[in-house]
Amino acid sequence: MRKLFVIGLAAGLSLLLLACQAPAAPVDTELSNVQATIEQAPVEAPTATTAPVESPVPTADTGQGDTTASGDTSTSEPDPLSVDPARPGFTLDGSPTLGAADAPVVIIDFSDFQ
Amino acid sequence: MLETEPKLKETLVADGSVRLIYKHFPLPSHDRADDAAEASECAAQQDKFWEMKELLFEKAASWGAAADLPATFEQYASDLGLDTATFRQCYDSGGGRQRWQEDSALGQSAGVTGTPTFFIFNPSTGQGTRIPGFVEYDQLAEIINQVLTAPPAGE
């Protein structure tokens with residue numbers, strides 16, 4: 001048993017020595033790996049629900065939507081959360097909105113005043 | 001969000017990174033939340049929603065205990081420079097009711113159960129998350145960054 005332990009220890013030390021002699025990964029490669037890890041991480045927050053969610057507002061009525069030549073259901077109806085060009089400061093479905101129409105992130109705040 | 005929103009407006013909304021959308025979800029347990037939603041929608045009809053929202057939060061204790069609620073809201077409308085006759089006509093006739101009731105129904109269908117609840121998403125990727133409850137600015141900014149950098153759904 002002791003002999004087996006010594007053999008295992010020697011093998012482990014040999015592997016460790018080989019690893020130390022291997023060339024270090026370039027810094028940019030390491031950064032890329034970190035970035036990839038971050039990008040693959042699910043969106044979550046300590047107080048957030050863990051499951052990613054979609055917009056609570058359906059973007060189109062697919063049941064009545066146009067059909068393309070390929071048979072796909074079109075989503076040509078405008079997104080109701082888009083800024084109403086005829087009424088800046090409001091979405092197409094009439095909600096008050098603040099910020100750039102093309103902002104890459106949209107926050108919908110369901111709230112009341114009490 | 002009460003403390004977070006002003007900072008959010010000054011930073012990520014101002015620089016074009018974020019767009020805010022407000023949707024009403026008056027809780028039944030908040031006995032005057034319906035009335036406040038109505039008042040804010042009537043202010044929205046005169047393009048003063050955000051100003052009325054801020055005032056309603058600031059004076060929540062005051063109007064929450066007001067004996068004459070319509071008159072109190074009318075005074076707020078006056079303070080904001082609204083046409084008070086138009087505001088009052090809207091308020092008394094329930095001119096904003098359909099809007100906030102639609103919002104409330106939408107929230108229920110989306111699984112909202114309390115206020116505030118935030119949906120934060122990237123329209124171009126479909127990625128997002130839901131946050132029930134108040135959130136500090138730093139935490140919100142981190143979540144926004146995560147939503148921004150998350151790959152499109154399905155990848």
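Just so it is clear, the structure is predicted and the values come from calculations on it, not from any experiment. Note that these values count all heavy atoms, side chains included, but never hydrogens, waters or copies made by symmetry. Within every chain, numbering begins at 1; the chains are lettered A, B, ... in the order of the sequence lines, protein sequences first and strands thereafter.
- Partner I108(A) forms a side chain to side chain contact (heavy atoms under 4.5 Å, CB included) with one of I120(B), D103(B), I21(B) and no other, that one being I21(B).
- Using cut-offs of 30° and 60° on the angle between ring planes, the pair F119(B) and F110(A) is perpendicular.
- When heavy atoms are compared at a cutoff of 4.5 Å, T91(A) approaches chain B solely by way of its side chain, counted from C-beta outward.
- Nearest heavy atoms, S17(B) versus P104(A): O-CD, 3.3 Å.
- For the pair P116(B) and S111(A), the tightest heavy-atom approach, listed with the atom from each and the gap, is CB-OG, 4.0 Å.
- Here A44(B) is the residue among S29(B), A60(B), S104(B), A44(B) with the most heavy-atom pairs under 4.5 Å with chain A.
- Side-chain contact check for S95(A) versus H24(B): every heavy-atom pair is 4.5 Å or farther apart.
- Put simply, W50(B) and V83(A) are part of two different groups of oily side chains (I, L, V, M, F, W, Y) that touch within less than 4.5 Å, one to the next.
- Expressed to the nearest 0.5 Å, how far CG of L98(A) lies from OH of Y22(B) amounts to 13.5 Å.
- Heavy atoms of V18(B) lying under 4.5 Å from chain A belong to its backbone as well as its side chain.
- Using a 4.5 Å cut-off between heavy atoms, S40(B) contacts chain A through its side chain alone, with no backbone atom that close.
- Contacts with chain A were tallied for K9(B), E41(B), R32(B), E102(B); R32(B) has the most, counting heavy-atom pairs under 4.5 Å.
- In summary, of the residues considered (L148(B), L12(B), I143(B)), a side chain to side chain contact (heavy atoms under 4.5 Å, CB included) with V105(A) occurs for L148(B) alone.
- Put simply, the side chain of I107(A) reaches to within 4.5 Å of the side chain of I144(B), judged on heavy atoms.
- Neither the backbone nor the side chain of D15(B) comes within less than 4.5 Å of any heavy atom of chain A.
- The distance from atom CZ of R99(B) to atom CG of D93(A), rounded to the nearest 0.5 Å, is 6.0 Å.
- We find the CG-CZ distance between D109(A) and F25(B) to be 12.0 Å, quoted to the nearest 0.5 Å.
- Looking at W63(B), the atoms closer than 4.5 Å to chain A (heavy atoms on both sides) all sit in the side chain, from C-beta outward.
- Between chain B and the residues P88(A), G89(A), A101(A), the most heavy-atom pairs under 4.5 angstrom are made by A101(A).
- Considering CD of Q45(B) and CZ of F90(A), their distance stands at 9.0 Å, rounded to 0.5 Å.
- Two different hydrophobic clusters hold W100(B) and F57(B) under the rule that ILVMFWY side chains link at heavy-atom gaps under 4.5 Å.
- One distance of note links OG1 of T115(B) with CG of D112(A); it measures 4.0 Å at 0.5 Å rounding.
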